[in-house]
Each structure stands twice: as structure tokens, then as C-alpha cells.
Amino acid sequence: MSPATKKRPAAIKAKLTPIAKKKAGKPAAKTAAPKKPPPKPAASKPATARPAAVKPAAAKPVSRWPAATAPRSLAEFMTQAWVMENEAAQRYHDFADAMETHNNREVASMFRTMAQYEAKHADQILDEMGWTSAPQVPAGGFRWEGLEAPETTPIDEVHYLMQPYHALQLALAAEERAERFFAALVKAAGNESIRRAARELQAEEREHVELVKAWMKKVPKPDRDWANDPDPPVYTD
């Protein structure tokens, strides 16, 4: 797949990694020498062929999440779950847009499919609660242990040359975070109706984990040099 040289969408332009840029030249030499010779620098590690950006970050422990997010009612809990699914769907759409900008059509299609799955889960929550429209979200939104909802994949974990297997790795990590999140809420919930709903959502996320794992077995693993680009894109503001 040959990446295009178009500008990427502004929403994720600053985050999509790594960005290849032309060197602007060597920095000017210092005019004054230091009084003492600098210590000998430690040997640097050789760069690896596979950027860390596509490796899902180590999951944070979820034991503290309920302290900040434990709902007080079933409606609040299901609204929170609905927000999680919608935010995950929107992020996958953002990723798909970025992949299309780079002519990475195969992975773009993969992310579109993931977005559809998340949107379907959000619709299922509406049906289960008998809601005919989107629930009212608190003005300040919900508080999460991290910067975003557990099922939302961080923007900086995407590489413009990533392959379908990488996309599934990110999806797997997101589903596993969601499963652990609901498992923790089962223990922290204040009443049985919330615990029961959290168990059901935990079980659904566990099924999603197994589905993604099965999907990954059908997708070829990338070569070690998959990120090598002889003509990387150059971006200008």
C-alpha cells in the first residue's frame, strides 16, 4: 500500500504516528565550548522495524475506575455504557478517515466495520432500556480513570501503514479493557439492578473478545519490515 501525500484530517493530524518529515538541515554549531568535556553518552539502542505506536498500550488496572464512575442508578449506568459504545464508534470512524487519506483502503474498511459493531451495541442499549432517543448525558460528561472511555482506542496507537492484523490488535485491547471495566463495576455497584446489568455487559464484552481473537486467526500476520516506507509522506501546515 502506498501512502498518499495528502494532508491528514485536522482532528487527528497531530497524533497519527510516526510522521515522516524531511530534515531541515543541521542545527547551528554552538559558539562557546563547555568548560568541561561532556560525559560520554551511553550507547543508544538500535531502532526497531516495528513502531511501538501500533502495540496496544499496557492496560491500566481497573480497580480504581468504579471509585470515579460508579453509577447511582440503572439509568445512569446504561447511559454511561451507551456513551462508551458511541465514543468507540466515533474513534473508529476517525481512524478509517485517516487510513483513507493514506490510501490504506483495507484497514479503513476494517475500522468502518468496527465502528458499525460499536454503533450496533449502542442501539442495543437503547432497545434494552426502552429509550426511543439518546439519553441525556451529564453536562460535564462522565469521569473515567484515563482521559477517555475504556473502550476508546487512543489516537496515538495508529500507524499510517498498519495492516488489518494491527487494527484487530487495537480492537482486542479495547474489548478487553471494556470487559475488565464492567467486571470491576459488578463489585462496586450499589444495587442489584446495576450489578446484574454490569454482569450482562461484561459477558457481552467477553464474547466480543473471543470474536476478535477468532477474526485475528483468519488475518495474516504482518512481516517484520511492514513499516518500511521508501517514500514516506511529508506534511506541511
Side-chain angles (χ1 to χ4, degrees), residues 8-19 51-72 76-99 101 107-108 110-126 134-160 162 166-186 188-189 194 197-198 201-202 204-206 208-209 212:
R8 66 167 60 92
I12 61 176
K13 173 182 174 184
K15 292 290 186 179
L16 196 64
T17 57
I19 298 176
V54 296
K55 294 181 181 179
K60 295 181 179 180
V62 299
S63 58
R64 292 186 295 146
W65 285 352
T69 62
R72 293 163 295 182
E76 181 182 350
F77 169 63
M78 296 302 279
T79 299
Q80 186 179 32
W82 180 83
V83 168
M84 280 179 57
E85 301 292 356
N86 274 283
E87 289 186 359
Q90 183 57 54
R91 181 56 52 80
Y92 283 139
H93 277 304
D94 291 342
F95 288 164
D97 290 342
M99 292 298 104
T101 297
V107 175
M110 180 79 69
F111 280 133
R112 295 286 183 209
T113 299
M114 293 176 187
Q116 291 173 3
Y117 284 154
E118 299 299 344
K120 182 178 180 180
H121 300 160
D123 289 341
Q124 289 174 343
I125 290 174
L126 296 180
Q136 183 175 0
V137 179
F142 289 102
R143 296 176 58 192
W144 309 105
E145 174 63 17
L147 296 177
E148 298 179 292
E151 203 167 358
T152 301
T153 300
I155 287 176
D156 58 4
E157 290 188 7
V158 171
H159 187 283
Y160 71 100
M162 72 190 307
H166 298 134
L168 289 173
Q169 280 184 312
L170 298 182
L172 177 61
E175 298 293 353
E176 289 176 338
R177 287 194 300 270
E179 194 275 332
R180 288 191 295 269
F181 175 78
F182 290 124
L185 279 176
V186 170
I194 297 176
L201 291 176
Q202 179 192 359
E204 290 181 7
E205 297 297 345
R206 191 180 302 119
H208 301 164
V209 167
V212 174

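Nothing here was measured: the structure is a model prediction, and the numbers come from that model.
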Quiz item: Just how far is it from atom CZ of Phe142 to atom CZ of Phe77, taken to the nearest 0.5 Å?
Solution: 10.5 Å

Self-check item: Check: Leu170 and Met162 side chains under 4.5 Å, non-hydrogen atoms
Solution: yes

Exercise. Check the pair Thr101 / Tyr160 against side-chain contact (heavy atoms from CB on, under 4.5 Å), numbers first and verdict last.
Key: CA-CA 9 Å; Thr101 297; Tyr160 71 100; over 6 Å; no

Quiz item: In Å, rounded to the nearest 0.5 Å, how long is the span from CH2 of Trp144 to CE of Met84?
Solution: 5.5 Å

Quiz item: So, for Ala88 and Thr152, which heavy atoms are closest and what is the spacing to 0.1 Å?
Solution: N-OG1, 3.8 Å

Practice problem: Show your working on side-chain contact (heavy atoms from CB on, under 4.5 Å) between Thr113 and Met110 and close with a plain yes or no. | Solution: CA-CA 5 Å; Thr113 299; Met110 180 79 69; 5.8 Å; no

Quiz item: Got Leu185 and Ile194 here, is their nearest side-chain heavy-atom distance under 4.5 Å?
Solution: no

Quiz item: Hey, are Arg91 and Glu118 close enough for a salt bridge, meaning a charged N less than 4.0 Å from a carboxylate O?
Solution: no

Quiz item: Does the side chain of His208 come under 3.5 Å of the side chain of Glu205 through a donor N or O and an acceptor N or O?
Solution: yes

Practice problem: Determine whether Thr153 and Tyr92 make a side-chain contact, defined as any pair of heavy atoms from C-beta on separated by less than 4.5 Å. | Solution: yes

Quiz item: Any side-chain heavy atom of Val158 sitting closer than 4.5 Å to one from His166?
Solution: no

Exercise. Among Gln202, Glu176, Glu151, Gln80, find the one that has a side-chain contact (heavy atoms from CB on, under 4.5 Å) with Phe181.
Key: Gln80

Quiz item: Where do Phe95 and Pro154 come nearest, in terms of heavy atoms and distance?
Solution: CZ-O, 3.6 Å

Practice problem: To the nearest 0.5 Å, tell me how far Phe182 CZ sits from Arg206 CZ. | Solution: 12.5 Å

Exercise. Output the distance between atom CD (Glu175) and atom CZ (Arg177), rounded to the nearest 0.5 Å.
Key: 9.5 Å

Quiz prompt | Value rounded to 0.5 Å, distance of CG in Asp123 from CD in Gln116 | solution = 11.5 Å

Self-check item: Minimal non-hydrogen separation, Ala197 against Met78, with atom names
Solution: CB-SD, 4.2 Å

Quiz item: Out of curiosity, Leu172 CG to Gln169 CD, how far, rounded to the nearest 0.5 Å?
Solution: 8.0 Å

Quiz prompt | Non-hydrogen atoms of Leu126 and Ala134 that approach each other most closely | solution = CD2-CA, 4.4 Å

Exercise. Indicate whether any N or O donor in one side chain lies under 3.5 Å from an N or O acceptor in the other, for Gln90 and Asp94.
Key: yes

